[in-house]
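Comments concern the structure below.
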2 protein chains.
Amino acid sequence: MAQFRAFAPEELKFVSTFKRGELVAEPGSMILAEGAHSAQLFTLLSGWAFRYKMLEDGRRQILNYCLPGDLIGLQGSVIGAMEHSVEALSPAVLCVFQRDRLSELFKNHPGLSFDVTWLASREERMLDENLLSLGRRTALERAAYLVAFLHQRAIAVGSVEGKSLLIPITQQHVADTLGLSIVHTNKTLKKLSDKKLIRWHDRACEVLDALGLMEEAGWSGLLEGTRPLI
Amino acid sequence: MAQFRAFAPEELKFVSTFKRGELVAEPGSMILAEGAHSAQLFTLLSGWAFRYKMLEDGRRQILNYCLPGDLIGLQGSVIGAMEHSVEALSPAVLCVFQRDRLSELFKNHPGLSFDVTWLASREERMLDENLLSLGRRTALERAAYLVAFLHQRAIAVGSVEGKSLLIPITQQHVADTLGLSIVHTNKTLKKLSDKKLIRWHDRACEVLDALGLMEEAGWSGLLEGTRPLI
DNA sequence: CGTCGGTTTGATCTAGTTCAACCGCCGTGG
DNA sequence: CCACGGCGGTTGAACTAGATCAAACCGACG
């Protein structure tokens with residue numbers, strides 16, 4: 001696909017031996033659990049997932065969403081233990097890697113190593129923007145930003161079939177991402193609906209006006225060129 | 001120092017040629033600016049700094065703090081442009097690297113490449129916890145968490161001279177980190193002072209009871225073993 | 001046909017904001 | 001020498017964004 005960088009032949013060969021198999025996850029199923037010590041490393045091949053953390057009393061915070069091409073479980077592979085969980089939002093297919101061969105990747109494939117670091121830096125940038133959102137944006141700005149952000153990411157990986165896009169999340173997910181209560185989230189999303197920026201479906205969000213959302217959020221969009229895929 | 005991993009001789013040699021010079025920054029001076037395209041890559045050798053983003057209207061969000069051993073500007077070096085700024089909190093000394101030789105590091109020094117990725121993953125973990133804080137913790141929990149977190153990090157790099165530690169921040173920094181107003185931040189910090197968990201100094205925060213802070217925050221602390229230093 | 005998860009709506013309450021002072025300290029300029 | 005202004009911190013009063021409580025709706029599904 002055009003948005004991913006081209007591989008060298010030996011890189012392709014290594015990746016195919018690095019791959020151990022594929023995993024199919026159902027919506028709502030846990031892909032990785034917080035505290036898991038022997039966590040696996042994955043690449044999401046299709047579908048949606050999300051990373052989250054929880055407090056003892058059940059408060060949940062969604063940290064970020066995973067779309068096709070995203071690496072899942074890198075923290076666990078590099079540092080040792082997972083400090084967050086990952087759950088599938090839609091039916092998802094994952095490429096499973098042999099975690100213990102990551103050092104081999106670093107030793108023999110500098111291009112791929114750089115790609116891993118690139119992906120980690122990209123995640124960091126997304127988290128930075130998210131932090132700005134939670135700390136300093138209003139509920140309406142936050143909601144508009146979140147939907148515009150997911151919309152752009154979905155477009156970037158070609159997940160938009162027809163004209164419009166359905167993001168497979170419930171309002172509870174939105175609430176737990178924005179740090180708001182479910183009631184207030186509902187009222188905030190209604191404002192976006194009233195402005196004809198989105199339409200809410202059964203358990204999905206349709207983007208009607210991406211530019212309007214970005215304006216509402218005061219956000220100028222992601223600038224991403226070609227990206228690596230591992 | 002004990003907390004950093006040992007280098008191989010050839011790694012040490014490369015790092016010394018990778019190093020271009022040292023930079024001394026005054027408190028309040030900008031180390032890297034958002035939007036800078038030819039951003040440099042640094043390692044903080046001594047002192048404190050912080051990363052932040054701003055909205056058009058001046059709202060500021062502090063994303064994380066930088067302590068000795070932290071890599072600064074990796075996002076810019078790997079992806080291309082900086083999307084956040086970095087400012088010194090105290091007098092700081094930085095090791096300046098030649099950004100364009102980063103690919104050489106990846107090509108010839110898999111151990112160091114892995115270290116860079118390790119540091120990026122660690123930053124990601126800190127951001128995750130921060131996001132949880134902003135989204136789901138109360139003002140008092142957030143403040144306690146922040147102070148306990150900075151305390152632990154300072155101890156981990158041996159920045160604590162005597163018994164107690166002075167974190168060189170103003171209440172405005174705390175407010176911009178926690179996503180609160182300056183007034184409410186002041187009242188929240190006063191509660192922590194009343195509980196004898198901290199003492200506020202002129203433009204610094206002294207930790208009196210690290211365990212008490214962690215309990216107040218409902219946070220069990222960072223678990224970090226030996227770490228790389230580049 | 002009941003129940004359950006997701007959504008919607010109104011009423012009430014509160015954590016945190018905004019506004020407005022004021023204090024102490026320090027560096028600056030007359 | 002003193003007046004000043006600015007920065008960091010402190011405090012009280014009024015206000016509001018968002019939380020909590022409560023109830024109802026709706027479609028899917030066993």
Side-chain angles (χ1 to χ4, degrees), chain A residues 26-29 50 55 57-62 87 89-90 133-147 166-194 198-206 216-217, chain B residues 26-29 50 55 57-62 87 89-90 133-147 166-194 198-206 216-217:
Chain A
E26 290 308 302
S29 69
F50 65 95
L55 256 18
D57 60 5
R59 284 176 283 178
R60 180 176 74 167
Q61 178 63 39
I62 295 183
E87 189 179 314
L89 274 173
S90 68
S133 226
L134 283 204
R136 292 304 184 199
R137 284 197 245 248
T138 66
L140 194 66
E141 288 170 339
R142 274 184 236 186
Y145 164 71
L146 174 64
V147 178
L166 283 186
I167 302 171
I169 49 177
T170 68
Q171 297 192 355
Q172 186 66 64
H173 291 119
V174 177
D176 287 346
T177 308
L178 304 184
L180 300 171
S181 72
I182 178 86
V183 174
H184 197 64
T185 298
N186 178 280
K187 288 169 183 170
T188 304
L189 289 173
K190 189 168 187 322
K191 283 185 192 166
L192 293 180
S193 297
D194 289 346
I198 63 168
R199 180 172 13 240
W200 198 266
H201 291 251
D202 182 22
R203 56 204 67 192
C205 175
E206 180 185 4
E216 192 69 54
Chain B
E26 290 307 301
S29 69
F50 66 97
L55 256 17
D57 61 4
R59 284 175 282 177
R60 179 176 77 166
Q61 178 64 39
I62 294 183
E87 189 179 314
L89 275 173
S90 68
S133 225
L134 284 204
R136 291 303 183 201
R137 285 198 245 248
T138 66
L140 194 65
E141 289 170 338
R142 274 184 235 186
Y145 164 71
L146 174 63
V147 178
L166 283 186
I167 303 171
I169 49 177
T170 67
Q171 297 192 355
Q172 185 66 63
H173 292 120
V174 177
D176 287 346
T177 309
L178 304 185
L180 299 171
S181 72
I182 178 83
V183 174
H184 197 63
T185 298
N186 178 281
K187 289 168 183 170
T188 305
L189 289 173
K190 189 167 186 325
K191 283 184 193 166
L192 293 181
S193 297
D194 290 345
I198 63 168
R199 183 176 7 244
W200 199 267
H201 291 250
D202 182 20
R203 56 204 64 192
C205 175
E206 180 184 3
E216 191 69 55

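What you see below is based on every heavy atom in this structure, not just the backbone, and it leaves out hydrogens, waters and symmetry mates. Order of the sequence lines sets the chain letters (A, B, ...), proteins ahead of strands, with each chain counted from 1.
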d(NE2, A:His173; P, C:dT7) in whole Å: 10 Å

Salt-bridge contact B:Asp176-A:Arg136 (side-chain N to carboxylate O under 4.0 Å): yes

Heavy-atom side-chain proximity of B:Trp200 to B:Val174 below 4.5 angstrom: yes

Which nucleotide in C:dG16, C:dG10, C:dT7 has an atom nearest any side-chain atom of B:Arg142: C:dG16

Validation row: B:Leu146, B:Ser133 side chains within 4.5 angstrom (heavy atoms): no

Short side-chain N/O contact to C:dG5 OP1/OP2 from A:Gln171, under 4.0 Å: no

Position toward the 5' end of DNA chain C (nearest nucleotide), A:Ile182 or A:Arg136: A:Ile182

Sugar-phosphate, base or nothing in reach of B:Lys187, heavy atoms under 4.0 Å: base

Rounded distance in Å - NE2 (A:His201) to P (C:dT7): 12 Å

OP1 or OP2 of C:dT8 under 4.0 Å from side-chain N/O of A:Asn186: yes

Sorted by number, the residues of residues 174-181 of chain A with heavy-atom contact under 4.0 Å to DNA chain C: none

Distance in Å, A:Arg203 CZ paired with A:His173 NE2, rounded so as to fall on 0.5 Å steps: 10.5 Å

B:Arg59 CZ to C:dG16 P, straight-line distance once rounded to whole Å: 18 Å

Inter-residue atom distance A:Glu206.CD - A:Ile167.CD1, 0.5 Å rounding: 10.0 Å

Atom-pair distance (CG on A:Leu89; P on C:dG6), nearest Å: 12 Å

Nearest-Å distance for atom pair CZ/C1', residues A:Arg203 and C:dT8: 16 Å

Rounded distance [0.5 Å steps], SG in B:Cys205 versus CD1 in B:Ile169: 6.0 Å

Side chain to side chain, B:Arg60 and B:Thr177, heavy atoms closer than 4.5 Å: no

Chain A contact limits on DNA chain D, taken 5' to 3' with a cut-off of 4.0 angstrom to heavy atoms: D:dG18 to D:dC21

Side-chain donor-acceptor pair present, A:Ser181, A:His184, cut-off under 3.5 Å: no

A:Arg137/A:Glu216 ion pair, N-O < 4.0 Å: no

Length of the line joining B:His184:NE2 and C:dC19:P, which is rounded to integer Å: 17 Å

Interatomic distance where NZ belongs to B:Lys191 and C1' belongs to C:dA15 [whole Å]: 9 Å

Distance in angstrom units between B:Leu140 CG and C:dG16 P, rounded: 9 Å

